[in-house]
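Here's the structure we're looking at; comments come further down.
Numbered from 1 within each chain, the chains take letters A, B, ... in sequence-line order.
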Protein chains: 2
Amino acid sequence: MATQSNTFETFAHSVKLAEPTSPLRQRICELGRPVHLAGGSSLELEDAGAQLVYLTRGSTKLVAHASEARDQIIAFHFTGDTYWIPASDNYSYSVCALGDCELLLFPADTFLEMAETDPHILRGLIGQMTDALRRCREKAVALGRKTASERIAVFLLGMAERIGTAKGNAVVLDLPMSRRDIAESLGLTIETVSRQFTILRDAKTIQTSGRSLVILNDLSQLRAQAGYLAGTA
Amino acid sequence: MATQSNTFETFAHSVKLAEPTSPLRQRICELGRPVHLAGGSSLELEDAGAQLVYLTRGSTKLVAHASEARDQIIAFHFTGDTYWIPASDNYSYSVCALGDCELLLFPADTFLEMAETDPHILRGLIGQMTDALRRCREKAVALGRKTASERIAVFLLGMAERIGTAKGNAVVLDLPMSRRDIAESLGLTIETVSRQFTILRDAKTIQTSGRSLVILNDLSQLRAQAGYLAGTA
DNA sequence: CGGGTTCTTGATCGGTATCAACGGCCGTGG
DNA sequence: CCACGGCCGTTGATACCGATCAAGAACCCG
């Protein structure tokens with residue numbers, strides 16, 4: 001039981017749950033369903049309504065399933081993230097583990113009912129959603145108005161911010177997702193992603209090693225290539 | 001002063017503000033800045049931070065300004081909507097009136113500080129944000145994975161839902177936005193939008209009259225063309 | 001070391017952008 | 001009320017980026 005209570009512990013911290021003994025916290029922890037997802041396996045939610053997820057450990061992709069074999073990855077998430085899985089509307093959504101994952105699953109409506117009286121939790125959720133909305137809007141700009149080369153730069157810079165480790169002037173990335181995932185996230189094909197990586201490699205902007213390791217040698221070049229507003233850090 | 005207090009009245013109703021005499025409501029109403037926007041004019045926010053907008057009357061577009069002349073319209077909003085304008089990050093954002101507009105403008109951070117103690121308001125905001133996030137995610141799918149013809153169908157169906165008036169089996173739309181706006185919202189060019197309208201006209205799926213009036217004659221055809229998940233209403 | 005998956009590279013195709021010109025709607029001023 | 005003029009929308013011709021089709025190479029696992 002030790003590991004499981006740790007799971008709740010970190011979650012409680014992340015949503016600013018009140019002191020450990022509060023009855024509200026008790027009830028919310030009972031509501032959460034701990035789930036283990038093996039790498040590559042995905043959480044099919046059927047029509048269970050919107051869910052709130054706390055990702056205790058690992059990384060996941062949130063996939064919108066459009067018709068046929070056309071999937072769009074809405075977002076990647078990493079250890080410690082809290083996020084919403086929407087109920088299926090015009091598309092169906094699922095969460096898929098990129099590696100082994102531990103997560104806590106709450107039915108969104110019940111969670112909100114319980115949290116209704118606790119401004120701290122609500123405020124925390126608003127913060128999470130503001131963030132998710134900001135990211136989704138930036139993604140919309142990238143998908144609507146950017147070329148393949150710009151999208152790749154945006155992707156690499158975004159990953160650098162979230163899971164990169166600085167190494168002098170360079171940033172080292174150990175990407176948990178495949179080229180296919182990158183393509184499905186950027187609205188491109190796997191071949192185009194591969195070609196863009198090759199171009200960046202030839203320009204010495206990045207180095208790669210194996211399938212997952214990427215070293216960003218020239219961040220300023222990537223920023224220029226990302227097509228961001230001039231003068232942005 | 002009568003019209004202005006009506007403005008606050010409808011806003012208070014929309015965010016579930018407490019009884020009229022509450023001091024919190026008083027303070028929040030003092031925080032809101034009423035703004036009139038003439039059609040075509042836009043609200044430049046400089047670096048004023050994130051804003052919360054209540055659209056009392058009219059319709060607006062929320063525009064992300066990427067480099068050069070490449071704008072992406074993030075969302076359209078209509079009378080009664082409450083929404084966030086993000087602080088500029090990698091892009092700068094502005095709100096532009098499609099026709100004459102009345103709106104209430106709040107600095108998001110101050111608003112949240114004030115609302116911190118009122119679970120009803122917070123809960124209302126979460127509802128607004130869930131909605132915005134759902135729409136933004138659907139837009140991401142459209143921009144990432146859909147053809148021009150699918151995007152147009154998605155757009156028309158979305159507008160039908162929000163501002164359409166039923167007329168027998170058909171739906172009548174009086175679009176407040178130009179072809180250019182539609183194009184910038186869908187990640188297409190104005191020419192492509194025009195061509196798609198022509199195709200739909202030739203197929204009798206829609207009729208148009210003047211620049212703004214569109215009649216959707218065949219909703220089921222549009223749904224089929226939108227590339228939604230099979231079996232969705 | 002072998003087999004399957006993932007990634008890379010090459011050749012071709014197609015959809016949408018781009019460039020260019022025309023036509024029609026609508027507000028303005030006579 | 002009508003005439004004018006500008007903007008918005010439509011249509012056509014061409015170009016280009018990225019998708020698709022196809023094959024080979026590298027990586028990772030057993």
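The side chain of B:Thr198 sits closest to D:dT11 out of D:dT20, C:dT16, D:dT11. You'll find that the side chain of B:Arg179 is closest to D:dT10, out of D:dT20, D:dT10, C:dT9. Taking every side-chain heavy atom of B:Ser194 into account, D:dT10 is the closest of C:dC26, D:dT10, C:dC7.
Using a 4.0 Å heavy-atom distance criterion, B:Ser178 is classed as a sugar-phosphate-only contact. Residue A:Gly40 is out of contact with every strand shown, counting any heavy-atom pair closer than 4.0 Å. As judged by a 4.0 angstrom heavy-atom cut-off over every strand, B:Arg151 is placed among residues making no nucleic acid contact.
Between B:Tyr83 and B:His77, the angle of the ring planes stays under 30°, which puts this pair in the parallel group of the 30/60° scheme. Ring orientation note: the planes of B:Phe155 and B:Phe76 are nearly perpendicular, at an angle over 60° on the 30°/60° scale.
Distance A:Asp174 CG to D:dC27 P: 15 Å, rounded to the nearest Å. Separating the CG atom of A:Leu188 from the C1' atom of D:dA19 is a distance of 10 Å, rounded to the nearest angstrom. Protein atom CD of B:Glu150 is 12 Å distant from nucleotide atom C1' of C:dG15, rounded to whole Å. Here C:dC26 presents its P atom at 10 Å from CG of B:Leu213, a figure rounded to the nearest Å. Atom CZ of B:Arg70 is separated from atom C1' of C:dT16 by 16 Å (rounded to the nearest Å). What separates CG of A:Asp181 from C1' of C:dT6 is a distance of 12 Å, to the nearest Å. Distance A:Ile206 CD1 to C:dC7 P: 14 Å, rounded to the nearest Å. Atom NZ in A:Lys146 sits about 16 Å away from atom P in C:dA17, given to the nearest Å.
The base of D:dC27 is paired with the side chain of A:Arg211 by a donor and an acceptor separated by under 3.5 Å. For a distance-only test at 3.5 Å, the side chain of B:Arg195 qualifies as a donor-acceptor partner of the base of D:dG12.
Residue A:Arg201 places at least one side-chain N or O under 4.0 Å from the OP1 or OP2 atom of C:dT8. Of the side-chain N and O atoms in A:Thr189, none sit less than 4.0 angstrom from OP1 or OP2 of D:dG18.
Using a 3.5 Å distance cut-off with no hydrogens or angles, the side chains of A:Arg223 and A:Ser220 do not pair a donor with an acceptor. When only modelled atom types and interatomic distance are considered, A:Ser185 and A:Lys139 share a side-chain donor-acceptor pair under 3.5 Å.
Judged by closest nucleotide on DNA chain C, B:Gln196 is the one of B:Gln196 and B:Glu191 placed further toward the 5' end. Summary of the strand contacts: A:Ser212 and B:Thr208 both lie near DNA chain D, and taking for each the nucleotide with the nearest heavy atom, the more 5' one is attributed to B:Thr208. Annotation: of the two residues near DNA chain C, A:Phe197 and A:Arg145, the 5′-most nearest-nucleotide partner is A:Phe197.
A salt bridge links A:Asp81 with A:Arg162: the distance from a Lys NZ or Arg NE/NH1/NH2 to an Asp or Glu carboxylate oxygen falls below 4.0 Å. Under 4.0 Å is where a charged nitrogen must lie from a carboxylate oxygen, and between A:Asp89 and B:Arg137 no such pair does.
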